[in-house]
J.: 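Let me begin by handing over the structure; questions about it come next.
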Amino acid sequence: MKIATWNINGVKARIDNLVHWLNDSQPDIACLQEIKTVDEGFPRAEIEALGYHVETHGQKGFNGVAILSKLRFDEVNRGLPGDDEDEQARFIEGVFSTPHGALRVVSLYLPNGNPITEDRKYGYKLRWMDRLHRWAQERLELEEALILAGDYNVIPQPIDARRPEDWVNDALFQPETRGALRKLEYLGFTEAIRAVTDAGDTFTFWDYQAGAWQKNNGIRIDHLLMSPEAANRFEAASIEKHVRAWEKPSDHVPAVAILQ
DNA sequence: ATGGTCGGCTACCGA
């Protein structure tokens, strides 16, 4: 069972890349972020033609998440609970039946949070992380295989940046931000990429600007958090870095976990 | 070196 997460930075601009990648990589479940379209604008037919079920939680112009799955959805939930005023489309959950039992998968797009001086940005990010913590605590009580996959907009440690000194004033690398991710993980999650290497140079994002890709000036901000029951089924993880070198790439690349 | 590049959408915002 191959589960991938990929911030595609606009599904309409990335449809050729997305189709190519699905054919090439053959994920069973793909979590997408920043689809940047309303649900009606998602190129559903092209994806369904490849044998995927499609569930989206879209928004006009920015944000928006989706789950593509070769397995039928038993259940779908849209939006992170905990704030009825929050209109931003950043969270979708799908539940699947597998030979090894239920599998619950979330595609999340955690707020960027910059600049850190603005409460509507950085405060929103920290409050969103607190809501995610509360939601995850509740879900873990089910004792199911659960994967929280997505663009967390969090650099967990200095080795997760080529140039950590560039990020000291950035919302992605604040002590409070990193502490909130650590607190979430300490509920009992195992991050798939970190589980296979702690050697660094496992970046998932390279900025379009200033030749970041050419200089390998990247960061690791796309993560797959596995519940104990999912971690028990964990076999392998990888980053599909070659996708960043394609024509008209997203600034993120897919990160993948293989479960039994 | 205080720049630079994208996507979505039409005057800028978000990243």
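Per chain, numbering begins at 1; letters A, B, ... match sequence-line order. Here the structure is a predicted model, which means the values were calculated and not measured.
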J.: For DNA chain B, which residues in residues 111-130 of chain A have a heavy atom at a distance below 4.0 Å?
T.: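 Per residue number, the list reads A/Asn112, A/Arg120, A/Lys121.
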
J.: If I pick the C1' atom on B/dT10 and the same atom on B/dG14, what distance separates them, to the nearest angstrom?
T.: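 After rounding to an integer number of Å, I get 16 Å for this pair.
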
J.: For DNA chain B, determine which residues of residues 10-19 of chain A have any heavy atom closer than 4.0 angstrom to one of its atoms, and list them numerically.
T.: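 DNA chain B contact set from residues 10-19 of chain A: A/Gly10, A/Lys12, A/Ala13, A/Arg14.
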
J.: For A/Pro115, what residues pass the side-chain contact (heavy atoms from CB on, under 4.5 Å) criterion, not counting sequence neighbours?
T.: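 Expected list: A/Thr117, A/Glu118, A/Lys121.
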
J.: For A/Lys248 and A/Asn153, find the nucleotide of DNA chain B closest to each by heavy atoms; which residue's nucleotide sits nearer the 5' end?
T.: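 Closest to the 5' end, via its nearest nucleotide, is A/Lys248.
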
J.: Can you tell me, in whole Å, how much space there is between the P of B/dA15 and that of B/dC9?
T.: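 Their P atoms lie roughly 15 Å apart.
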
J.: Please compare A/His252 and A/Asn9 by the position of their nearest nucleotide in DNA chain B and report the one closer to 5'.
T.: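 Closest to the 5' end, via its nearest nucleotide, is A/Asn9.
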
J.: Among the clusters formed by ILVMFWY side chains lying less than 4.5 Å apart, do A/Ile221 and A/Met129 turn up in the same one?
T.: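 No, because A/Ile221 and A/Met129 fall into different hydrophobic clusters, even though each may have its own neighbours under 4.5 Å.
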
J.: Per the ring-ring contact (aromatic ring centres under 6.0 Å, His included) rule, what does the pair list look like for residues 16-55 of chain A, sequence neighbours excluded?
T.: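 Of all non-adjacent pairs touching residues 16-55 of chain A, those that pass ring-ring contact (aromatic ring centres under 6.0 Å, His included) are A/Trp6-A/Trp21, A/His20-A/Trp246.
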
J.: Taking side-chain contact (heavy atoms from CB on, under 4.5 Å) as the test, write out the residues that go with A/Val76, two or more places apart.
T.: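 A/Val76 satisfies side-chain contact (heavy atoms from CB on, under 4.5 Å) with A/Glu55, A/Phe73, A/Arg78, A/Ile92 once adjacent residues are dropped.
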
J.: What are the two closest non-hydrogen atoms of A/Leu132 and A/Phe91, and how far apart are they?
T.: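 Closest heavy-atom pair between A/Leu132 and A/Phe91: CD1-CE1, 4.1 Å.
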
J.: Among all residues two or more places apart in sequence or in another chain, which pass the ring pair (Phe, Tyr, Trp, His ring centres under 6.0 Å) test with A/Trp206?
T.: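 Listed in chain order: A/Trp213.
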
J.: Using atom C1' of each nucleotide, how far apart are B/dA11 and B/dG7 to the nearest Å?
T.: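 After rounding to an integer number of Å, I get 15 Å for this pair.
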
J.: For A/His100, which residues count as a ring pair (Phe, Tyr, Trp, His ring centres under 6.0 Å) partner, sequence neighbours excluded?
T.: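 Checked A/His100 against ring pair (Phe, Tyr, Trp, His ring centres under 6.0 Å); zero matches.
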
J.: Please identify each residue that fulfils side-chain contact (heavy atoms from CB on, under 4.5 Å) with A/Asn217, with sequence neighbours left out.
T.: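 Partners of A/Asn217 by the side-chain contact (heavy atoms from CB on, under 4.5 Å) criterion, ordered by chain and then number, come out as A/Arg162, A/Arg163, A/Asp166, A/Ala212, A/Lys215.
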
J.: Not counting sequence neighbours, which residues clear ring pair (Phe, Tyr, Trp, His ring centres under 6.0 Å) with A/Phe173? List them please.
T.: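 Counting only residues at least two positions away or on another chain, A/Phe173 forms no ring pair (Phe, Tyr, Trp, His ring centres under 6.0 Å).
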
J.: Between A/Arg194 and A/Asp198, does any side-chain N to carboxylate O distance fall below 4.0 Å?
T.: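 Between A/Asp198 and A/Arg194 there is no salt bridge, as every charged N stays at least 4.0 Å from the carboxylate O atoms.
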
J.: Have a look at A/Tyr122 and tell me which of A/Asn112, A/Asn114, A/Thr177 forms a side-chain hydrogen bond (donor to acceptor under 3.5 Å, both in side chains) with it.
T.: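 Among the candidates, only A/Thr177 passes.
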
J.: Looking at A/Asp160 and A/Arg178, is any side-chain nitrogen of the basic one under 4.0 Å from a carboxylate oxygen of the acidic one?
T.: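 A/Asp160 and A/Arg178: not salt-bridged.
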
J.: Using a 4.0 Å cut-off to any heavy atom of chain A, which nucleotides of DNA chain B are the first and last in contact, reading 5' to 3'?
T.: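 Endpoints of the contacted stretch of DNA chain B: B/dG4 to B/dA15.
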
J.: In residues 204-215 of chain A, which ones come under 4.0 Å of DNA chain B, going by heavy atoms?
T.: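 Hits under 4.0 Å, by residue number: A/Tyr208, A/Gln209.
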
J.: State which residues pass side-chain contact (heavy atoms from CB on, under 4.5 Å) with A/Pro249; sequence neighbours excluded, sorted by chain then number.
T.: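 Expected list: A/Arg244.
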
